[in-house]
Amino acid sequence: MDALLIGCGKMGGALLEQWAKSEDWTFTVVDPFTETVPDGVNLFKDRDSLPKSLFDLIIVAVKPQMIDEIIPAYQETLAPSGLVASIAAGCSVDRLKAVSGASAVIRIMPNLPALIAQSVSGLYASPDCSADQKAAVEALMQRAGTTVWVDDEDALDRVTAVAGSGPGYVFEIARTYIAAAEDLGFTNSQARELVLGTMAGAVEMARQSDEPVESLRNSVTSKNGTTQAGLEALNADGTLTELMRRTTQAAYDRAVELR
């Protein structure tokens with residue numbers, strides 16, 4: 001099957017690295033700024049240079065603010081029974097249908113660890129999508145990590161707030177954690193090793209355990225010990241809990257604004 005990827009920025013490029021390994025799809029990319037693509041992928045700079053062809057799948061990977069301007073020009077490239085999938089945050093199915101002329105639309109919310117095939121992606125399909133179309137997109141996304149189907153678009157916007165934007169939160173937490181370690185006297189390289197190794201080990205331990213995260217936290221917290229002292233400084237008054245709530249709410253609110 002033939003797929004057209006419109007836009008190949010960081011996220012589109014990260015996904016393409018995984019998708020291009022599929023033997024079931026041939027990929028064509030249109031992006032004015034991309035210079036290199038994986039072997040076997042066709043690259044064109046603009047719509048006018050794209051050869052006349054019909055695609056089974058068109059993947060929208062441009063910024064939401066650019067969709068109304070860019071996507072209508074590609075309506076004639078979608079096969080009659082074709083599917084449009086979009087990784088544009090907050091862009092609704094109705095809006096995608098209007099600009100693409102498609103009836104079958106799947107919205108996807110991946111996150112950046114797709115680059116190392118560790119993405120967590122939310123998926124929502126319009127009622128017009130067939131089971132085969134959903135399965136095909138799911139198979140592509142599973143090449144980049146794990147997938148979670150949701151029942152409505154509002155849930156996908158909530159996925160955006162938690163997982164789509166989530167790597168940014170984690171990187172910022174790691175940055176401040178590393179800075180704190182440096183303040184205790186470690187070099188940057190030592191602090192990175194200590195902090196990132198600790199975070200990676202703790203997350204993997206939680207992934208492999210059936211216990212609630214709270215129980216795991218308690219298992220390393222001795223009464224009146226060092227961990228308890230640190231946790232009391234971190235979140236004893238609920239400041240961290242409220243901060244994370246406001247963080248995800250702000251991201252969700254912005255996704256709603258972009259609909």
Side-chain angles (χ1 to χ4, degrees), residues 2-20 27-38 41-79 82-112 114-115 119 121-126 128-129 137 140-141 144 153-154 156-161 163-168 250-259:
D2 294 320
L4 173 65
L5 176 62
I6 306 173
C8 194
K10 285 186 178 181
M11 184 59 71
L15 290 168
L16 183 63
E17 287 290 334
Q18 309 305 327
W19 292 341
F27 282 90
T28 298
V29 173
V30 177
D31 189 289
F33 305 110
T34 296
E35 297 296 333
T36 60
V37 292
V41 175
N42 304 305
L43 175 62
F44 299 93
K45 293 298 182 181
D46 53 43
R47 170 68 178 88
D48 292 339
S49 62
L50 185 67
K52 290 185 178 180
S53 184
L54 292 178
F55 295 92
D56 304 292
L57 172 64
I58 291 180
I59 304 161
V60 178
V62 299
K63 294 180 179 179
Q65 298 90 334
M66 302 171 64
I67 285 176
D68 294 345
E69 175 186 354
I70 292 175
I71 302 306
Y74 292 88
Q75 289 190 9
E76 295 180 357
T77 67
L78 183 65
L83 169 71
V84 167
S86 170
I87 66 170
C91 187
S92 69
V93 164
D94 286 345
R95 183 177 167 199
L96 289 164
K97 286 184 175 184
V99 297
S100 69
S103 57
V105 173
I106 292 179
R107 285 184 58 194
I108 306 166
M109 179 41 58
N111 58 18
L112 194 56
L115 191 59
S119 179
S121 300
L123 302 171
Y124 169 73
S126 71
D128 312 272
C129 293
V137 170
L140 280 177
M141 293 311 302
E153 292 192 82
D154 185 70
L156 195 70
D157 288 339
R158 287 181 270 128
V159 170
T160 302
S165 299
Y252 167 70
D253 291 344
R254 180 55 179 155
V256 172
E257 290 174 2
L258 290 171
R259 287 179 186 173

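- Under the rule for a side chain to side chain donor-acceptor pair (under 3.5 Å), Glu69 has no partner lying at least two apart in sequence or in another chain.
- For the atom pair Ile6 CD1 and Ile71 CD1, the distance stands at 4.0 Å (nearest 0.5 Å).
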Side-chain polar contacts of residues 86-107 - donor-acceptor pairs under 3.5 angstrom, sequence neighbours left out - could you list them?
unit_1: Ser86; atom_1: OG; unit_2: Ala88; atom_2: N; d: 3.1
unit_1: Ser92; atom_1: OG; unit_2: Arg95; atom_2: N; d: 3.1
unit_1: Arg95; atom_1: NE; unit_2: Asp68; atom_2: OD1; d: 3.2
unit_1: Arg95; atom_1: NH1; unit_2: Leu258; atom_2: O; d: 3.3
unit_1: Arg95; atom_1: NH2; unit_2: Pro64; atom_2: O; d: 2.5
unit_1: Lys97; atom_1: NZ; unit_2: Ser103; atom_2: O; d: 3.4
unit_1: Lys97; atom_1: NZ; unit_2: Asp128; atom_2: OD2; d: 2.6
unit_1: Ser100; atom_1: OG; unit_2: Leu96; atom_2: O; d: 2.7
unit_1: Ser100; atom_1: OG; unit_2: Ala102; atom_2: N; d: 3.1
unit_1: Arg107; atom_1: NE; unit_2: Cys91; atom_2: O; d: 3.0
unit_1: Arg107; atom_1: NH1; unit_2: Glu153; atom_2: OE1; d: 2.9
unit_1: Arg107; atom_1: NH2; unit_2: Asp157; atom_2: OD1; d: 3.1

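- One finds the CD1 atom of Ile59 at 6.5 Å from the CG atom of Leu140 (value rounded to the nearest 0.5 Å).
- In terms of the salt bridge (Lys or Arg N to Asp or Glu O under 4.0 Å) criterion, Lys63 has no residue partners (sequence neighbours excluded).
- Other residues, nucleotides and ligands place no more than 12 heavy atoms under 6.0 Å from the CD atom of Glu76.
- With sequence neighbours left out, the side chain to side chain donor-acceptor pair (under 3.5 Å) criterion links Ser119 to Asn111, Ser121.
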> Are Trp19 and Met141 close enough, and set up right, to give a side chain to side chain contact (heavy atoms under 4.5 Å, CB included), and what steps lead you there?
Replying inline: CA-CA 8 Å; Trp19 292 341; Met141 293 311 302; 3.6 Å; yes

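- Looking only at atom types and distance, the side chain of Tyr252 has a donor-acceptor partner in the side chain of Asp154 under 3.5 Å away.
- Among residues at least two apart or in separate chains, there is no salt bridge (Lys or Arg N to Asp or Glu O under 4.0 Å) pair with a member in residues 49-61.
- With rounding to the nearest 0.5 angstrom, the OG1 atom of Thr160 is 3.5 Å from the CE atom of Met109.
- By the salt bridge (Lys or Arg N to Asp or Glu O under 4.0 Å) test, Arg254 is found to be paired with Glu257, residues two or more places apart in sequence or in another chain being considered.
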